[in-house]
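Comments concern the structure below.
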Amino acid sequence: MASASLLKSSPVLDKSEWVKGQTVRQPSASSVVRCLPTTPSGLTIRGSYADELVKTAKTVASPGRGILAMDESNATCGKRLASIGLENTEANRQAYRTLLVSAPGLGQYVSGAILFEETLYQSTIDGKKIVDVLIEQGIVPGIKVDKGLVPLAGSNDESWCQGLDGLASRTAAYYQQGARFAKWRTVVSIPNGPSALAVKEAAWGLARYAAIAQDNGLVPIVEPEILLDGEHTIDRTFEVALKVWAEVFFYLAENNVLFEGILLKPSMVTPGAEAKERATPQQVADYTLKLLHRRIPPAVPGIMFLSGGQSELEATLNLNAMNQSANPWHVSFSYARALQNTCLKTWGGRPENVKAAQDALLIRAKANSLAQLGKYTGEGESEEAKKELFVKGYVY
């Protein structure tokens with residue numbers, strides 16, 4: 001697969017380059033640089049945003065750092081709050097998100113934070129804009145832009161992801177608010193097929209979203225999550241993942257997406273959550289890296305794995321195993337539950353527990369930072385970190 005870039009190496013993004021309130025730049029026809037005629041698909045570089053996209057992607061994919069996914073919808077955030085006995089109110093969501101983004105030194109381990117739309121425009125309980133708090137920590141703000149999953153007509157009880165309508169204007173507004181990358185999550189179900197229709201729909205939707213996001217200055221995270229649900233073997237997961245990622249990169253190229261200006265958020269290659277035979281971290285690493293080498297161009301700067309319901313400890317051990325040798329991409333994390341679970345339980349909605357909860361978050365963030373560097377040992381982990389987080393049919 002040919003890369004979509006003729007760009008030279010770009011430096012890491014400086015904080016001053018992604019402060020909120022910048023004027024949205026519309027690429028002119030003359031600013032579009034076309035690839036050499038020998039490129040089969042006639043790929044284009046994404047106008048005046050090209051350099052910035054590459055810098056942002058490299059910043060997020062910086063050594064020893066990964067992404068804190070805190071983009072749960074208000075409904076899903078409500079489920080998290082309910083698990084500790086709190087009502088799903090904006091004040092409670094604000095208190096919890098304030099706890100997360102203001103953890104002292106979080107930027108040492110976290111390079112990007114994916115936000116829900118409410119959070120992008122929200123302030124902390126102290127009145128500071130959450131975007132500004134992240135920037136002060138050296139963390140790039142990101143934004144979830146999809147509108148969720150709906151049934152896919154004509155499929156085997158599968159789904160597709162909606163949200164393309166109005167996406168251009170929304171991403172332009174998010175850029176003005178300070179976001180510099182975006183996330184779009186679609187899913188593939190192995191027990192339900194997956195059907196060729198569902199795989200093609202997932203790949204096409206991701207590619208259209210990625211092109212639109214890049215046109216408006218946002219680095220797209222490309223996330224076709226292969227759900228853990230099922231009793232299938234690790235070999236079956238590998239087979240499906242090969243098919244899914246082949247389709248995804250075919251349509252990314254068809255839509256002229258700049259590979260150097262994207263990030264991937266794949267599932268690790270594991271057996272189904274209900275499979276009788278489990279896999280060791282080394283087996284997960286071997287299968288997953290084999291998948292990446294067969295399907296992911298080295299032009300892509302970062303592979304930010306989702307945890308997908310793995311326990312906090314399991315997600316960290318698997319990431320560490322994948323970083324025991326050099327990779328052509330930054331292999332890191334984009335975890336939600338696998339970073340937040342112990343933190344949330346420690347907080348319990350009590351103001352006096354905020355520091356202890358932030359310490360719990362930093363412990364997990366540091367553990368995954370070490371795993372990104374291949375230096376995690378697994379020593380001293382709590383029992384809470386070992387608890388299974390898989391939820392059948394989980395939705396954001």
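In the hydrophobic cluster analysis, where Ile, Leu, Val, Met, Phe, Trp and Tyr join through side-chain heavy atoms closer than 4.5 angstrom, Leu319 is grouped together with Phe238. By the rule that hydrophobic residues join a cluster once side-chain heavy atoms approach within less than 4.5 Å of another member, Val199 and Leu242 end up as members of one cluster. Under the 4.5 Å side-chain heavy-atom criterion for grouping Ile, Leu, Val, Met, Phe, Trp and Tyr, Leu306 is not connected to Phe116 through any hydrophobic cluster. Taken together through direct or relayed side-chain contacts under 4.5 Å among Ile, Leu, Val, Met, Phe, Trp and Tyr, Leu339 and Val354 form part of one hydrophobic cluster. Clustering ILVMFWY residues whenever any of their side-chain heavy atoms sit less than 4.5 angstrom apart, transitively, puts Leu164 in a cluster other than the one holding Leu152.
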side-chain hydrogen bond (donor to acceptor under 3.5 Å, both in side chains) between Ser123 and Lys129, worked out = CA-CA 4 Å; Ser123 296; Lys129 292 191 178 299; 4.6 Å; no
Test log, rule salt bridge (Lys or Arg N to Asp or Glu O under 4.0 Å), inputs Arg170 and Glu117 | CA-CA 10 Å; Arg170 285 191 289 120; Glu117 186 175 56; 5.8 Å; no
In sequence, state the C-alpha distance, the side-chain angles, and the governing distance for Tyr49 and Tyr175, and then conclude on ring-ring contact (aromatic ring centres under 6.0 Å, His included).
-> CA-CA 12 Å; Tyr49 282 118; Tyr175 183 95; 5.5 Å; yes
Verify side chain to side chain contact (heavy atoms under 4.5 Å, CB included) between Tyr335 and Asn368, making sure each step is shown before the conclusion.
-> CA-CA 9 Å; Tyr335 295 165; Asn368 286 291; 3.2 Å; yes
Is there a side chain to side chain contact (heavy atoms under 4.5 Å, CB included) between Lys144 and Glu72 once you walk through the steps?
-> CA-CA 9 Å; Lys144 168 186 166 73; Glu72 300 89 350; over 6 Å; no
Take Lys366 and Gln108 through the side chain to side chain contact (heavy atoms under 4.5 Å, CB included) test and state the conclusion after the steps.
-> CA-CA 8 Å; Lys366 182 178 181 180; Gln108 184 177 345; over 6 Å; no
Verify side-chain hydrogen bond (donor to acceptor under 3.5 Å, both in side chains) between Asp146 and Gln162, making sure each step is shown before the conclusion.
-> CA-CA 6 Å; Asp146 68 78; Gln162 57 187 344; over 6 Å; no
Take Ile67 and Val110, measure what side chain to side chain contact (heavy atoms under 4.5 Å, CB included) needs, and give me the verdict at the end.
-> CA-CA 6 Å; Ile67 294 174; Val110 170; 5.9 Å; no
Please walk me through it: do Ser73 and Thr76 pass side-chain hydrogen bond (donor to acceptor under 3.5 Å, both in side chains)?
-> CA-CA 5 Å; Ser73 67; Thr76 301; 3.2 Å; yes
Salt bridge (Lys or Arg N to Asp or Glu O under 4.0 Å) between Glu136 and Lys128, intermediate numbers included = CA-CA 11 Å; Glu136 288 172 6; Lys128 295 187 70 174; 2.8 Å; yes
For salt bridge (Lys or Arg N to Asp or Glu O under 4.0 Å), just list the numbers for Arg93 and Glu118, CA-CA rounded to whole Å, side-chain angles, deciding distance to a tenth of an Å, and then say yes or no.
-> CA-CA 10 Å; Arg93 294 193 299 269; Glu118 177 184 75; 2.8 Å; yes
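In this structure, the side chain of Gln94 does not engage the main chain of Gln122 through any donor-acceptor pair within 3.5 Å. Panel note: side chain Glu274, backbone Gly230; a donor-acceptor pair is recorded below 3.5 Å. No donor-acceptor pair under 3.5 Å is formed between the side chain of Thr346 and the backbone N or O of Ala356. Put simply, the side chain of Asn327 gets close to the backbone of Met322: a donor and an acceptor are under 3.5 Å apart. Between the side chain of Thr288 and the backbone N or O of Val284, at least one donor-acceptor pair lies under 3.5 Å. Here the side chain of Trp329 pairs no donor or acceptor atom with the backbone of Leu264 at under 3.5 angstrom. Listed for the Tyr96 side chain is no donor-acceptor partner under 3.5 Å among the backbone atoms of Cys77. At distances below 3.5 Å, not a single donor-acceptor pair connects side-chain atoms of Asn216 with backbone N or O atoms of Thr171. Counting only distance, with no hydrogens or angles, the side chain of Ser111 and the backbone of Gly66 share a donor-acceptor pair below 3.5 Å. Side-chain N or O atoms of Gln137 include one that pairs as donor or acceptor with a backbone N or O of Val101 at under 3.5 Å.
Once rounded to the nearest 0.5 Å, the distance linking CZ of Arg208 with CG of Leu252 reads 11.0 Å. Distance check: Leu218 CG to Ile262 CD1 gives 14.0 Å after rounding to the nearest 0.5 Å. Rounding to the nearest 0.5 Å places CG of Asn341 at 9.5 Å from OG of Ser311. Rounding to the nearest 0.5 angstrom, the gap separating the OG atom in Ser267 from the CG atom in Leu228 is 7.0 Å. Put simply, CZ on Arg180 and CG on Leu134 are 13.0 Å apart, with the number rounded to the nearest 0.5 Å. In this structure, the separation between NZ on Lys243 and CD1 on Ile226 is 10.5 Å, given to the nearest 0.5 Å.
Looking at Arg65 and Ser62, their side chains do bring a donor and an acceptor atom within 3.5 Å of each other.
Using a 4.5 Å heavy-atom threshold, the side chains of Pro194 and Glu158 count as touching. Residues Thr237 and Asp235 have side chains not in contact (no heavy-atom distance under 4.5 Å, counting atoms from C-beta outward). Leu86 places a side-chain heavy atom less than 4.5 Å from the side chain of Trp347. Side chains of Ser102 and Gln358 form a contact here, defined as non-hydrogen atoms less than 4.5 Å apart. In this structure, the side chains of Leu344 and Arg80 come closer than 4.5 Å at one or more pairs of heavy atoms. Counting heavy atoms from C-beta outward, Tyr376 and Asn323 have side chains that stay 4.5 Å or more apart. Between Leu106 and Leu68 there is a side-chain heavy-atom pair separated by less than 4.5 Å. With a 4.5 Å cut-off on side-chain heavy atoms, Thr233 and Pro271 do not count as touching.
Of the charged side-chain nitrogens involved, none lies within less than 4.0 Å of a carboxylate oxygen, so that Arg337 and Glu312 do not count as a salt-bridged pair. Electrostatic pairing of Lys276 and Glu231 does not count as a salt bridge here, judged by no charged N lying under 4.0 Å from a carboxylate O. Salt bridge status for Asp286 with Lys290: absent, with no side-chain N to carboxylate O gap under 4.0 Å. A salt bridge links Lys183 with Glu223: at least one charged nitrogen is closer than 4.0 Å to a carboxylate oxygen. Between Lys55 and Glu52 no salt bridge is recorded (no basic side-chain N to carboxylate O distance below 4.0 Å).
Closest approach of Leu362 and Pro104 over heavy atoms only: CD1-O, 3.3 Å. Scanning all heavy atoms of the two residues, the minimum distance from Ala50 to Leu258 falls at O-CD2, 4.1 Å. Nearest heavy-atom pair across Ser332 and Gln372 is OG-CG, 3.4 Å.
In this structure, the ring of Tyr109 has its center no less than 6.0 angstrom from the ring center of Phe333. Between Phe259 and Phe249, the distance separating the two ring centers is shorter than 6.0 angstrom.
Few gaps surround CD on Glu352; more than 12 heavy atoms of other groups in view lie less than 6.0 Å from it.
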